[in-house]
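A short write-up of the structure that comes next.
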Amino acid sequence: MNLPKAYDPGAYEADIYALWERSEAFVAHPDSKKEHFSISMPPPNETGTLSIGHSLFLTLQDIMARHARQRGKDVLWLPGTDHAAMAVNAIIEKKLTDEGTNKHEVGREVFLERTREFVAASRGTMLGQMRAMGASADWSRLRYTLDESLSWAVQEVFIKMYNDGLIYRGNRIVNWDPNLETNVSDEEVEYKEEQATFYTFQYGPFQIGTARPETKFGDKYVVMHPDDERYAQYKHGDTFEAEWLNGKVTATVIKDEAVDPAFGTGVMTITPWHDHTDFEIAERHGLEKQQIIDFHGKLLPIAGDFAGMSIAEARPKIAALLEEKGLLISRDEKYVHSIAVNERGKGVIEPQIRLQWFVDVNKQAVEWKGKTLSFKEVLQSVVREGDIKIIPERFEKIYFSWIDNLRDWCVSRQIWWGHRIPAWYRTDADGQVETFVGAVPPADEAEGWREWEQDPDTLDTWFSSALWTWSTLIDPELARDASLSLAEVLAGSPDYQAYHPTTVLETGWDIIFFWVARMILSTTYATGTVPFKDVYLHGMVRAEDGKKMSKSRPESIIDPLTVIPQYGTDALRMALVMGVSPGNDQNWSTGKIEANRNFCNKLWNVARYIEGIVGDDFSREKSEAVSVADHWVLSKLQQIQQGMVNDLDAYRFGEAYDKLYHFIWDDVADWYIEASKAAPNKPLLAHVLESVLLLAHPFAPFVTETIWQTLKWEGDSLLATKQLTKPLGFDAKQAATFGEIQNIVSESRFVLTALKVSGITLYYTAVPFITENAETIKRMARLQAVTEVEDGTGLFLTSTNARCWLDIDQGTAQAYLKELNAKRERQAAVIAQLEGRLSNDSYVKNAPKDIVAQTRQQLGEAQELLASLEREYDRFNTTA
RNA sequence: GGGCGCUUAGCUCAGUUGGCUAGAGCAUCUCGUUUACACCGAGAGGGUCGGGGGUUCGAAUCCCUCAGCGCCCACCA
């Protein structure tokens, strides 16, 4: 016997993974005639180590990839990592701060060098950990968002969009993070509640409220709703004098519907430079905008004595100044509002007007399916028309409502780590600026102009990850040939031709806007095809208490790298799949991981038992059903295999897992193996084991491959590259007969346990299948003997139509009477229900035929059962 | 303010287009040292599927409504 008593995952996992990799089991073959199946792995940020969330997506995608291989497909699961501009940038800046320096002191080149060192180190760690999860990715095609060919694609798309008028540069209000000194997109901003002081000040004839007195230096407009009757006497454009922070100012009345008359006094002053709503009001009315706060979060000279102060320092002092001037009306210390912070680094956002690059989402200049549409329209079209299906469907609604509110996408970032914008500027002596967008600046040297300088900004990380499904499939050699267009490079790239559009995108619902929508936007535009056909969205893994795992509660974080050595990777994978449904969050559970560690051991011992019976060297060609148990297990196997295939095709991972679990544990281990012990059918046991290993393999690749490698039934073949077994034929009647045996065994067990008796004989009247399986029944029900009689006495079995009695004296069986009676009543109720259903004409007329036939059959069976219950009850009642 | 989701056994959750007597894991109780497995086996208890109404032959499933919880988006002068 080769298999030790208990499965010890740590002893095999690393070797098994190395074996797969050495055998190139996961390498894709674009020239293969097989149907292609492709998934792009969402590239994890190279910021450190694998989280439980990574474990979840690696598991789900791995199940899909392995299952597709088992179905005879050529599979590409393309792995990669993301340069994660903002996140990595934040880490490096923190490191520099800790060293007592900053990015300005070290300069761009040193900063980038430091960053490269950091990501190179963390990438190796990440990739090792992805392998530890068992990810069957094609590592020969590993990509990185900053690879040459991917960067080339980024540049091409930017330039193409610019030339098509879909990218523009403009002064717009952006979410500025003074900490990281960059803007961030609307999606990267999160809000948190804060308690602050809400001041009401006198401003000319009006009272205005604010929580931010420090922004008020430039105020010269008051805005109110046009329908607000309290201020009907003031007309749009009226001016008035007001005493204010820097002395007397002349202010103008503006009427705008953005003002909520019910909030505060219904009047407000505006700060267009530092507030989104105010900016829009100012744009509508052509008002002046003035910067009050600089890009480091300090007040500008307009603040007079307060210039150079931070916001936090200046705020109370400015309020005090206004109070001195007698302009403070009231102060509410308990005011709660939300403030915007950058989700990376948590810096408080200070909106600023800056010159930035934007993707225009409303301009109709995108060719899609023969029409010229805007990005917004394409995004809507592909999901509405079914080019892309989102699972679960409810996220389609969320997707549409997001698009309805979509604003132009600001793609420039003021950080250094990332793809530098391919835009060039030069100035002449008069300060005139000329702009050029292209990979390299023009060669001309015009009289009186300085040299071309590249835009110092980089692109939003999502701009490059938006191209991920296809930029990773470009042939890097072709991308180097500057004479080729994007279309030509794609046409000449074998991987792109074979694997794009990808079959499915699997990712978390939290990045549907960041990533999924942007992939659709950029890919439809650049390639004329959708990036993927299906989108499967998984939920978050929360802590055991149902709350988010959070760095502020380190004990809440489940680290896969500590779970794996303790329970095994397969147990972790299955714990994450057990009972999940698309789009729903799940709670981490110690119970689940333990259950699956046990499940792996169960599988191990099933194999161990069968190995002990059939030996090391075995052919399954002669596998066929002999006993009724054999027929039954084959019928089950066929049913389960088909069910799992259907589930996996429909992305019902949890249900496929559930079928697998119960098939192995209940059907194979508890029934089939036990039943087979009377007369083991070696070839069939071997077939069942092989089938079970294959079905379990996508979920538990390590334990199944370990078993397969230990058995060596097929020389050096890999389970990972084997296809599902073809179903063997079976006889349905014989399979059903085993069901009868199960009934007899179950009821005997029940009675024996309930009455606390043992050493009992089962009598039966001439029933061939019992005669043939007497040994099995005796063994499984732990009976003394199974004996044929003319007419039996004792306790009559009621869950089978065969006539069987347990040899139990009537005194002992008195206790059983009660149970019998309850059973009788239950059965009568069932019959009443079924009869009611069948006596209803509209049911018989409307319900599907097979359902009605089924009901009739059930009724027949139930009546028969009740009849024998009645007989038995009467007999006991009179004789006992 | 707009939208989405959840509420099913003590706990955590499945339940595909409405159709077997509503399931699982964990927990609980009883029994068991049968040579694959105590990371085990056998058996049991436990739910009027959040409340109310409706559609239907039939509702955990569809519709309306109420309640509680969670999330997303917008706004927050």
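Here the structure is a predicted model, which is why all the values come from computation and not from measurement. Convention: sequence-line order gives letters A, B, ...; per-chain numbering from 1. For the numbers below, each heavy atom of this structure counts, side chains included, while hydrogens, waters and symmetry mates do not.
Looking at heavy-atom distances under 4.0 Å, A650(A) makes no contact with the nucleic acid at all. Across all strands, Y661(A) comes closer than 4.0 Å only to sugar-phosphate atoms, never to a base (heavy-atom distances). Within 4.0 Å (heavy atoms only), W588(A) reaches no atom of the nucleic acid at all. Counting any heavy atom pair closer than 4.0 Å across all strands shown, R782(A) reaches a base atom. Residue R597(A) is classed as a base contact, given a heavy-atom separation below 4.0 Å to a base. Using a 4.0 Å heavy-atom criterion, one finds that N596(A) contacts no nucleic acid atom at all.
Rounded to a whole angstrom, the distance from the C1' atom of rC13(B) to that of rC6(B) is 12 Å. Rounded to a whole angstrom, the distance from the P atom of rC20(B) to that of rA60(B) is 10 Å. Taking atom P in both rG23(B) and rU48(B), one finds a spacing of 15 Å when rounded to whole Å. The C1' atoms of rG51(B) and rC11(B) are separated by 23 Å, rounded to the nearest whole Å. Going from the P atom of rG10(B) to that of rG45(B) covers 15 Å, rounded to whole Å. With both ends at atom C1', the span from rU65(B) to rC26(B) equals 36 Å, rounded to whole Å.
Side-chain proximity of R749(A) to the nucleotides rC4(B), rC37(B), rA42(B) is greatest for rA42(B). Set against rA42(B), rC39(B), rC4(B), the side chain of T753(A) has rA42(B) as its closest nucleotide. With distances taken from any side-chain atom of F750(A) to the nucleotides rC71(B), rG41(B), rG43(B), the minimum falls on rG43(B). Of all nucleotides listed (rC39(B), rC72(B), rG41(B)), rC39(B) comes nearest to the side chain of N598(A). Side-chain atoms of K602(A) lie closest to rC40(B) of the nucleotides rC40(B), rA24(B), rG15(B).
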Applying side chain to side chain contact (heavy atoms under 4.5 Å, CB included) to D658(A) and D647(A), what does each step give before you reach the verdict?
CA-CA 10 Å; D658(A) 196 62; D647(A) 284 341; over 6 Å; no
Assess whether salt bridge (charged side-chain N to carboxylate O under 4.0 Å, His left out) is satisfied between E280(A) and R407(A), documenting all intermediate values.
CA-CA 13 Å; E280(A) 282 165 15; R407(A) 292 189 287 184; 3.5 Å; yes
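Between K677(A) and rA36(B) there is a side-chain N or O to OP1 or OP2 distance below 4.0 Å.
Under the 3.5 Å distance criterion, the side-chain polar atoms of D219(A) are left unmatched by any main-chain donor or acceptor of T269(A). Between the Q566(A) side chain and the G568(A) main chain, no donor and acceptor come within less than 3.5 Å of each other.
Remark: P of rU16(B) and CD1 of I391(A) are 16 Å apart, rounded to the nearest angstrom. Put simply, CD1 on I512(A) is 19 Å from P on rC71(B), counting in whole angstrom units. Spacing between atom OH of Y567(A) and atom P of rC26(B) amounts to 13 Å, rounded to whole angstrom units. Taking atom CD1 of residue I673(A) and atom P of nucleotide rU34(B), one finds them 18 Å apart after rounding to whole Å. Rounded to a whole Å, the CD atom of E611(A) is 15 Å from the C1' atom of rU35(B). Y536(A) has its OH atom 14 Å from the P atom of rU16(B), to the nearest Å. Rounded to whole Å, atom P of rC71(B) lies 14 Å from atom CG of D510(A). Per the geometry, CH2 belonging to W665(A) stands 11 Å off P belonging to rA38(B), to the nearest Å.
Remark on RNA chain B: of its neighbouring residues V223(A) and K548(A), the 5'-side contact belongs to K548(A), judged by nearest-heavy-atom nucleotide. If W402(A) and N605(A) are placed on RNA chain B by their nearest nucleotide, the residue sitting closer to the 5' end is N605(A).
Around CD of Q195(A), the count of heavy atoms belonging to other residues, nucleotides or ligands within 6.0 Å exceeds 12.
When D256(A), T252(A), T277(A) are each tested for a side-chain contact (heavy atoms from CB on, under 4.5 Å) with V223(A), only one passes: D256(A). For the pairing with F206(A), the ring-ring contact (aromatic ring centres under 6.0 Å, His included) check across Y231(A), F201(A), Y221(A) returns one residue only, Y231(A).
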What N/O pairs connect the protein and nucleotides 74-76 of chain B at under 3.5 Å? Give each pair on its own line.
| unit_1 | atom_1 | unit_2 | atom_2 | d |
| --- | --- | --- | --- | --- |
| rC76(B) | OP1 | T277(A) | OG1 | 2.8 |
| rC76(B) | OP2 | T277(A) | OG1 | 3.4 |
| rC76(B) | O2' | Y335(A) | OH | 2.6 |
| rC76(B) | N3 | S338(A) | OG | 2.3 |
| rC76(B) | N4 | S338(A) | OG | 2.5 |

Throw together a table of side-chain donor-acceptor distances under 3.5 angstrom for residues 573-585 of chain A, partners on residues two or more places apart or in other chains.
| unit_1 | atom_1 | unit_2 | atom_2 | d |
| --- | --- | --- | --- | --- |
| R573(A) | NE | F699(A) | O | 3.1 |
| R573(A) | NH1 | D62(A) | OD2 | 2.8 |
| R573(A) | NH1 | M133(A) | O | 2.9 |
| R573(A) | NH2 | D62(A) | OD2 | 2.8 |
| R573(A) | NH2 | P698(A) | O | 2.7 |
| S581(A) | OG | N584(A) | ND2 | 3.1 |
| N584(A) | OD1 | R394(A) | NH2 | 3.1 |
| D585(A) | OD1 | W509(A) | NE1 | 3.3 |
| D585(A) | OD1 | M540(A) | N | 2.8 |

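For the contact set between residues 574-586 of chain A and RNA chain B, defined by any heavy atom under 4.0 Å, the members are M578(A), G579(A), S581(A), N584(A). Near RNA chain B, meaning a heavy atom under 4.0 Å from it, residues 210-220 of chain A has T210(A), A211(A) in order of number.
Stem analysis of RNA chain B (Watson-Crick or G-U pairs, both distances under 3.5 Å, runs of at least three) returns B:1-7 with B:67-73, B:10-13 with B:23-26, B:28-32 with B:40-44, B:50-54 with B:62-66.
With contacts defined as side-chain heavy-atom distances shorter than 4.5 Å, the pair I270(A)/D275(A) does not qualify.
Cation-pi geometry between R212(A) and W273(A) is not met at under 6.0 angstrom from the ring centre and within 45 degrees of the axis.
Residues I613(A) and K682(A) share a closest heavy-atom pair of O-CE, 3.5 Å. Residue Y203(A) comes nearest to A251(A) through the heavy atom pair OH-CB, 3.5 Å, listed as atom of the first residue, atom of the second, then distance.
One side chain, N175(A) or D186(A), offers a donor N or O that lies under 3.5 Å from an acceptor on the other. Inspection of the E594(A) and N598(A) side chains reveals no N or O donor paired with an N or O acceptor under 3.5 Å.
Under the ring pair (Phe, Tyr, Trp, His ring centres under 6.0 Å) criterion, F663(A) pairs with no residue at all, not counting sequence neighbours.
Here L783(A) contributes atom CG and S748(A) contributes atom OG; the two are 5.0 Å apart, rounded to the nearest 0.5 Å.
Scanning atom types as modelled, no donor and acceptor separated by under 3.5 angstrom connect the side chain of K592(A) and the base of rA24(B).
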